[in-house]
Trainee: 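Please find one structure pasted underneath; my questions will follow.
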Amino acid sequence: MNDGYLTGTTGDVFGVQYEEEPSLSVLLHFPVEASVDFESCPVQASGTQRPCEIRIPTRTQQNRSTSRKNPNLINCEEGKVLGWFKKQCDRAVADNPAVDVSGMYLMFPTDMDKFQRRHWHHLADMHDLISESKGVGAERMLRIYPNSFQNQRPMLEISADNMQYAKDVWRACQLEGHDFAWYSQGELEELLCSEGGLPQPVQDVYHRRLCVRDLINKIKDEDYEGCRRLIESSPSIVLLKDDDSPGFPIHVACFIGARDIVNCMIQNLPNEDLGAVCDKNGRSAILVAEHFGYIDIARDLARNAPSSYEQDANA
């Protein structure tokens with residue numbers, strides 16, 4: 001049995017080559033006492049075996065990529081399958097009120113990313129179904145249950161403080177990007193409640209982001225010694241952005257005219273083109289310094305990054 005998104009397969013009908021649509025392989029689990037009308041299933045189903053494989057025609061890779069940016073895009077087959085699943089669940093409960101609804105669910109493959117899972121969470125909510133993702137990393141899996149499962153649903157025991165902590169760590173991971181951006185907030189909550197806790201690389205990312213925020217606060221307070229200690233202990237935080245600030249630490253220092261702090265950054269990152277780092281408005285640190293009248297800081301940055309100065313001058 002195939003798992004995950006299945007690429008299109010080719011075939012030959014009367015000498016004409018064709019390519020099937022890519023599809024998503026989903027497993028329908030249901031208890032023995034539940035009767036399921038597979039003939040009314042809107043897509044291909046493997047039959048009455050348990051679990052039953054359902055093949056849902058899905059978007060092309062390009063369209064799935066687009067749906068990551070807009071999870072509200074709906075594939076009609078996806079909606080039809082969820083509507084059919086809900087109808088079968090309601091029918092099973094009506095035929096046998098004692099049926100165990102926790103044993104009736106759609107199980108999705110583990111190779112889905114968080115954007116694809118979010119899309120199905122959204123669809124499940126639209127169809128008044130319960131969805132949950134469990135597991136971490138490559139083992140994280142989405143399941144969709146009937147609405148009546150809400151009363152039997154085991155809840156993750158997590159304190160309000162840990163929930164907020166998971167949210168803060170998630171924001172740090174999104175800012176960090178790369179592989180860290182694939183963590184979902186629910187996955188981080190689950191990791192926090194696990195015996196091993198958060199992976200060390202994730203903790204390091206969060207710590208660096210805290211250091212960036214601390215550095216920006218010290219820059220605003222013009223605390224040169226505090227800035228120097230932070231920069232010397234971890235120079236790379238100068239090149240990290242804080243989502244609560246309009247730019248990087250270098251922009252904040254240029255904005256308030258903290259020349260000593262800017263020079264401390266230059267000394268600790270001699271090989272970095274600090275003048276070229278752009279804020280959210282696309283302005284380099286040199287342009288920020290010039291805009292607010294700190295020509296001496298602009299010159300310091302230009303000496304350290306002449307190529308950036310020439311680019312800004314041409315602009």
Side-chain angles (χ1 to χ4, degrees), residues 1-6 9 20-59 71 74-114 116-158 184 186-187 189-190 193-195:
M1 185 174 294
N2 293 311
D3 292 327
Y5 282 98
L6 305 174
T9 56
E20 294 181 357
E21 278 190 298
S23 61
L24 174 65
S25 175
V26 178
L27 296 180
L28 168 63
H29 289 254
F30 54 99
V32 177
E33 62 271 22
S35 59
V36 179
D37 179 14
F38 287 102
E39 291 186 1
S40 63
C41 182
V43 298
Q44 179 183 346
S46 62
T48 58
Q49 65 181 23
R50 293 178 173 79
C52 167
E53 182 186 23
I54 298 175
R55 299 277 294 275
I56 306 174
T58 187
R59 302 179 180 89
I74 298 176
N75 178 307
C76 61
E77 284 82 5
E78 296 169 351
K80 288 177 182 177
V81 167
L82 291 186
W84 172 81
F85 171 69
K86 181 182 179 183
K87 185 176 180 179
Q88 300 310 308
C89 294
D90 292 343
R91 174 185 171 183
V93 173
D95 291 346
N96 182 5
V99 68
D100 180 14
V101 293
S102 66
M104 196 166 191
Y105 57 88
L106 294 172
M107 186 172 73
F108 290 74
T110 56
D111 60 358
M112 295 174 70
D113 60 37
K114 71 173 185 179
Q116 292 160 341
R117 289 195 300 270
R118 183 174 65 183
H119 171 71
W120 282 95
H121 281 302
H122 174 71
L123 284 178
D125 185 62
M126 289 179 60
H127 287 81
D128 196 27
L129 296 168
I130 302 299
S131 61
E132 65 175 10
S133 292
K134 283 190 174 183
V136 297
E139 300 302 318
R140 192 159 183 80
M141 180 184 294
L142 167 69
R143 293 185 181 187
I144 294 181
Y145 294 87
N147 185 271
S148 52
F149 176 64
Q150 181 68 41
N151 299 328
Q152 303 179 23
R153 186 180 183 184
M155 302 301 292
L156 182 67
E157 295 184 3
I158 182 170
S184 65
E187 186 174 0
E189 290 176 357
E190 201 167 326
C193 296
S194 67
E195 185 176 347

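Everything quoted here is computed from the prediction, not taken from an experiment.
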Trainee: When rounded to the nearest 0.5 angstrom, what is the spacing between CD in E53 and CD in Q44?
Mentor: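 Reported to 0.5 Å precision, the distance equals 7.5 Å.
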Trainee: Would you call V43 and K80 a side-chain contact if the rule is heavy atoms closer than 4.5 Å?
Mentor: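 No, every pair of side-chain atoms sits at 4.5 Å or beyond.
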Trainee: To the nearest 0.5 Å, what is the distance between OG (S25) and CZ (R55)?
Mentor: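 One gets 6.5 Å once the value is rounded to the nearest 0.5 Å.
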Trainee: If you apply the rule salt bridge (Lys or Arg N to Asp or Glu O under 4.0 Å), what do you find for E187 with K114, and how did you get there?
Mentor: CA-CA 10 Å; E187 186 174 0; K114 71 173 185 179; over 6 Å; no
Trainee: Can you name the closest pair of heavy atoms from A92 and A34 and give their distance?
Mentor: CB-CB, 3.9 Å
Trainee: Assess whether side chain to side chain contact (heavy atoms under 4.5 Å, CB included) is satisfied between I144 and V26, documenting all intermediate values.
Mentor: CA-CA 11 Å; I144 294 181; V26 178; over 6 Å; no
Trainee: Is there a donor-acceptor pair under 3.5 Å between the side chain of E190 and the backbone N or O of G135?
Mentor: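 Here the side-chain-to-backbone pair exists.
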Trainee: Going by heavy atoms in the side chains, are V36 and M104 under 4.5 Å from each other?
Mentor: yes
Trainee: Any ring pair (Phe, Tyr, Trp, His ring centres under 6.0 Å) involving residues 91-114? Give me the pairs, sequence neighbours left out, ordered by first then second residue.
Mentor: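 Listed by first then second residue: H29-Y105, Y105-Y145, F108-W120.
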Trainee: Show me, pair by pair, the donor-acceptor contacts under 3.5 angstrom made by side chains of residues 82-91, not counting sequence neighbours?
Mentor:
residue: W84; atom: NE1; partner: D37; partner atom: O; Å: 3.2
residue: W84; atom: NE1; partner: S40; partner atom: OG; Å: 3.0
residue: Q88; atom: OE1; partner: D37; partner atom: N; Å: 2.9

Trainee: From T110 OG1 over to R140 CZ, what is the distance, rounded to the nearest 0.5 angstrom?
Mentor: 12.0 Å
Trainee: Measure the spacing between CG of D125 and CD1 of I130 and express it to the nearest 0.5 Å.
Mentor: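 Here the rounded value is 8.5 Å.
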Trainee: So which heavy atom on P146 is nearest to which on L129, and how close?
Mentor: CA-CD2, 4.0 Å
Trainee: Should V136 and S194 be marked as a side chain to side chain contact (heavy atoms under 4.5 Å, CB included) after you check the CA-CA gap, both sets of side-chain angles, and the distance that decides it?
Mentor: CA-CA 10 Å; V136 297; S194 67; over 6 Å; no
Trainee: What is the minimum heavy-atom distance between A94 and P97, and which atoms define it?
Mentor: O-CD, 4.3 Å
Trainee: When rounded to the nearest 0.5 angstrom, what is the spacing between CG in L24 and CD in E78?
Mentor: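 So the gap between those two atoms works out to 7.5 Å.
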Trainee: Hey, could you give me the CD1/OG distance between I54 and S23, rounded to the nearest 0.5 Å?
Mentor: 12.0 Å
Trainee: Please examine the side chains of S133 and H121, heavy atoms only from C-beta on, and report whether any two atoms are closer than 4.5 Å.
Mentor: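 Yes - at least one pair of side-chain heavy atoms lies under 4.5 Å apart.
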